[in-house]
Amino acid sequence: YFGTSILTGSDSFQEVVVKVERPTYNKPFLGGFRNVSTGVEFHNAGSQTKPTKRPDKGIQLFCRGTQTAVEKNTQQQTRNTTSTQMTKTGLYVSNMTDKLITPGKYFTAEEYHKRRVEAVIVIQKYFRRWHAAYLVQNLKEQRRLRLAREAQEELQKKWEKEEKLRREYEKKLNPKTREDFELLYHDLELWMQEETERINRTLTGAKRKAALYALLEEETELIACIGMHKLSANLENQQKAILHFLGKCAQPRRWKAFDGKITEMDTQNSLRGKELLEIYRSINTKDIPKDERISVLLTLKWTVKEHECKLTEEIVALIDREIDLISREVKECNLEGLRKRICTLFLQYIKTPEFNPQVAGLIKVPQDPLTLYKNIYFCHSCEKYLAPSEFPIPASSHTLGRCRSCYQLDNEARKREAYFKYRLILEDLRKSEVDYQDDSKIVFLIQLPDMQYLIENIWNCQSALSACSDLYELVMVRWDKQHEWSPWNTILLTKEEADAHLKLCNLQKTYEAPFIYRIEQKHLRAKNYFARIPVMASFLHRSNNESNAN
């Protein structure tokens with residue numbers, strides 16, 4: 001309702017209440033017209049008034065069309081007109097083909113429906129039998145496939161285990177890398193401990209001292225044999241490293257296009273690197289004819305003559321000397337030292353950025369000596385100045401200690417521990433943490449000694465569930481996958497157990513209370529050990545604050 005004023009006289013007004021009704025329905029459009037000049041639309045009267053409703057009689061009504069059926073009578077006539085002929089006077093109709101039909105037993109509608117139900121039951125019996133046989137056959141097939149898959153997995157595991165043992169035996173038989181020699185020294189230490197224990201258990205007095213002396217002599221021979229293998233392996237690895245370094249210098253520029261294809265482009269520097277690589281391979285080739293050797297030396301001579309310096313002059317002098325000795329029919333064995341000098345000086349020539357610009361970004365030692373003062377440290381054990389990457393820094397250390405070479409030498413002489421298995425576990429753990437993509441940091445602060453302490457002292461080198469002690473089969477994963485990995489949020493399991501553990505959503509409902517309590521005690525021991533490390537202490541306080549907030 002709205003109030004308004006109207007003028008009733010010259011000076012008087014009267015208040016009038018106007019009632020305005022708002023329609024609560026959509027009025028049907030019944031037509032109208034529009035003024036062409038003004039554009040105003042006018043609707044018919046029926047679209048402006050409220051439609052009337054039929055009075056409610058309180059009885060539900062239906063129209064006639066929904067209550068009655070429409071009937072239609074049609075006549076049908078057969079296509080063929082037939083007639084029946086009967087026997088009569090003067091006509092004989094044979095009855096040889098007639099059939100005698102006798103009425104059967106009459107059955108009621110109940111009996112008919114009963115017969116139908118019995119037939120349905122029979123059909124259901126046969127169907128259920130077929131369905132049961134079908135289900136059993138499917139279950140048998142699934143069981144066969146499962147057993148075949150399990151047998152295949154078992155064979156795969158057995159093959160992998162045998163392959164690991166074969167590779168480990170091959171590494172011990174022909175050691176090439178640092179890890180191979182670690183395993184070899186570790187086995188030597190185990191053998192020494194077993195022999196020492198046997199001698200102490202079985203012998204006494206002078207016989208015991210003689211046996212220990214003979215054991216020490218045998219250990220010395222084995223160490224010398226290992227040292228010879230190490231020298232030959234170092235020479236081979238050094239040659240491989242040189243070829244790998246020169247291969248990097250000869251690599252072309254590569255980049256990925258918008259369609260994902262790799263595009264390569266040879267630059268002037270990469271072509272120079274390829275040329276020097278081919279010459280280096282040629283001068284290192286052994287057992288070649290004298291003519292080819294002289295041709296290679298001449299190629300090397302004209303290559304280094306492009307730059308005049310003391311190094312190139314020395315190389316040219318050595319090349320002339322070897323050509324002169326070859327012309328005098330000097331034996332190959334007497335030229336080995338000269339050829340090694342030529343290879344060494346030529347390698348020094350290749351590593352000079354003035355002669356090979358591609359090597360400028362690959363050499364470790366910078367050309368400017370002043371840059372070494374900012375990023376170099378002193379090893380007090382071997383008394384060498386080395387880069388920071390040559391110093392292993394455990395999480396528990398406060399200062400830089402010995403370099404990697406000194407650590408390795410001390411390990412070979414005293415403890416003879418093998419970190420190969422722990423290194424595999426740590427690498428797998430770091431790869432899995434990178435896949436989470438949640439900015440995990442603690443796992444990259446853990447070093448091999450820390451991982452060894454965690455596995456040996458906290459988890460006793462065995463799985464928390466199955467007590468499997470094969471370190472090749474064990475992995476470290478998160479205890480609670482919602483938080484980043486840390487020594488107090490981890491569990492040591494086999495690979496199959498780790499896959500099943502990471503699929504769990506609620507640890508409290510899955511594991512029993514005694515098992516969870518035992519895991520929490522291990523986490524508490526890890527906290528007490530790593531809390532003494534300043535770097536770890538900050539992460540530990542942060543995790544405690546998060547747990548309290550939760």
Query raised in the report: Is the shortest side-chain N to carboxylate O distance from Glu433 to Arg430 below 4.0 Å?
Result: no
**Report entry** Greater than 12 external heavy atoms within 6.0 Å of Arg146's CZ
**Finding:** yes
Report task. In plain terms, say whether Glu179 and Arg423 are close enough for a salt bridge, that is, a side-chain N and a carboxylate O under 4.0 Å apart. Result -> yes
Query raised in the report: Are more than 12 heavy atoms from other residues, nucleotides or ligands located less than 6.0 Å from atom NZ of Lys415?
Result: no
**Report entry** Chi angles and distances behind the side chain to side chain donor-acceptor pair (under 3.5 Å) call for Arg208, Asn200
**Finding:** CA-CA 7 Å; Arg208 174 179 170 273; Asn200 293 332; 2.8 Å; yes
**Report entry** Passing candidate, side chain to side chain contact (heavy atoms under 4.5 Å, CB included) with Ser463, options Ile491, Leu492, Leu474, Asp470
**Finding:** Leu474
Query raised in the report: Does the pair Asn411 and Tyr419 meet the rule for a side-chain contact (heavy atoms from CB on, under 4.5 Å), with working shown?
Result: CA-CA 10 Å; Asn411 183 38; Tyr419 296 103; 4.1 Å; yes
Query raised in the report: Between Arg416 and Tyr185, is NZ or CZ placed under 6.0 angstrom from the six-membered ring centre and within 45° of the ring axis?
Result: no
Query - Under 3.5 Å: donor-acceptor pair, side chain of Thr196, backbone of Gln193 - result: no
Query - Asp480 to Asn489 - nearest heavy-atom pair and separation - result: N-OD1, 2.9 Å
Query raised in the report: Is the number of heavy atoms from other residues, nucleotides or ligands under 6.0 Å of Gln156 CD greater than 12?
Result: yes
Query raised in the report: Should the pair Glu322-Arg339 be classified as a salt bridge under the 4.0 Å nitrogen-to-oxygen rule?
Result: yes
Requested in this report: Can you establish whether the number of heavy atoms outside Glu197 located under 6.0 Å from its atom CD is more than 12?
Outcome: no
Query raised in the report: Roughly how far, to the nearest 0.5 Å, is the OH atom of Tyr422 from the CE atom of Met476?
Result: 10.5 Å
**Report entry** Test side chain to side chain donor-acceptor pair (under 3.5 Å) applied to Thr490 and Trp485, step by step
**Finding:** CA-CA 6 Å; Thr490 183; Trp485 184 92; 2.8 Å; yes
Query raised in the report: Asn356 and Thr352: side-chain contact (heavy atoms from CB on, under 4.5 Å), yes or no, with the steps?
Result: CA-CA 6 Å; Asn356 185 16; Thr352 305; over 6 Å; no
Query raised in the report: So how far is it from Glu332 CD to Arg293 CZ, rounded to the nearest 0.5 Å?
Result: 8.0 Å
Report task. Keeping the roles fixed (side chain from Lys522, backbone from Ile458), state whether a donor-acceptor pair exists under 3.5 Å. Result -> yes
Requested in this report: With side-chain contact (heavy atoms from CB on, under 4.5 Å) as the test, would you mind laying out the steps for Lys509 and Leu504 before giving the verdict?
Outcome: CA-CA 10 Å; Lys509 294 182 180 179; Leu504 300 178; over 6 Å; no
Query raised in the report: Would the number of heavy atoms belonging to other residues, nucleotides or ligands and lying under 6.0 Å from CG of Asp287 be above 12?
Result: no
Query raised in the report: Are side-chain N/O atoms of His131 and Tyr126 paired as donor and acceptor at under 3.5 Å?
Result: no
Requested in this report: Please determine if Lys157 and Glu160 form a salt bridge, counting it only when a charged side-chain N lies under 4.0 Å from a carboxylate O.
Outcome: no
Report task. Start with the C-alpha distance between Thr177 and Asp180, add both sets of side-chain angles, then the distance that settles side chain to side chain donor-acceptor pair (under 3.5 Å), and finish with yes or no. Result -> CA-CA 5 Å; Thr177 61; Asp180 301 345; 3.2 Å; yes
Requested in this report: Taking Asp410 for its side chain and Cys406 for its backbone only, find out whether a donor-acceptor pair lies under 3.5 Å.
Outcome: no
Query raised in the report: Have Glu168 and Tyr472 got a donor and an acceptor in their side chains that come within less than 3.5 Å?
Result: yes
Query raised in the report: Is the charged tip of Arg478 near the ring of Tyr436: under 6.0 Å from the six-membered ring centre and within 45° of its axis?
Result: yes
Query - Ala233 to Pro175 - nearest heavy-atom pair and separation - result: CB-O, 3.7 Å
Requested in this report: Would you sort out whether Glu170 and Asn174 count as a side chain to side chain donor-acceptor pair (under 3.5 Å), showing the intermediate values?
Outcome: CA-CA 6 Å; Glu170 183 67 24; Asn174 296 314; 3.0 Å; yes
Query raised in the report: Does CZ belonging to Arg167 count more than 12 external heavy atoms closer than 6.0 Å?
Result: yes
Query raised in the report: For Glu497 and Thr494, does a side-chain donor sit closer than 3.5 Å to a side-chain acceptor?
Result: yes
Report task. For atom CD of Glu512, decide whether the heavy atoms of other residues, nucleotides or ligands shown that lie under 6.0 angstrom number more than 12. Result -> no
**Report entry** Electrostatic pair Glu390-Arg404, nearest N-O below 4.0 angstrom
**Finding:** no
**Report entry** Ala526 versus Pro487, closest heavy-atom pair with distance
**Finding:** CB-O, 3.3 Å
Query raised in the report: Counting heavy atoms not belonging to Lys172, are there more than 12 under 6.0 Å from its NZ?
Result: yes
Report task. Carefully, step by step, assess Asn269 and Arg253 under the rule side-chain contact (heavy atoms from CB on, under 4.5 Å). Result -> CA-CA 10 Å; Asn269 296 337; Arg253 293 292 183 89; 5.8 Å; no
Query raised in the report: Under 30°, 30 to 60°, or over 60°: which ring-plane class applies to Tyr377 and Phe391, parallel, tilted or perpendicular?
Result: perpendicular
Report task. Please work out which of the three classes, parallel, tilted or perpendicular, describes the rings of Phe355 and Tyr349, given edges at 30° and 60°. Result -> parallel
**Report entry** Short N-O contact, Lys176 and Glu236, less than 4.0 angstrom
**Finding:** yes
Query - Rounded distance (nearest 0.5 Å) linking atom CD1 of Ile199 with atom CG of Leu215 - result: 5.0 Å
Query raised in the report: Salt-bridged, Glu412 to Lys230, with N to O below 4.0 Å?
Result: yes
Query raised in the report: Will you find, in the side chains of Asn234 and Gln238, an N or O donor that is under 3.5 Å from an N or O acceptor?
Result: no
Query - Interatomic spacing from CG in Leu212 to CG in Leu203 - rounded to 0.5 Å - result: 8.5 Å
Report task. Taking atom types as modelled, find out whether Gln452 and Glu417 have a side-chain donor-acceptor pair closer than 3.5 angstrom. Result -> yes
Query raised in the report: Between Lys274 and Asp266, is there a side-chain N and carboxylate O pair less than 4.0 Å apart?
Result: yes
Requested in this report: Kindly say whether the aromatic ring centers of Trp488 and Tyr529 come within a distance under 6.0 Å.
Outcome: no
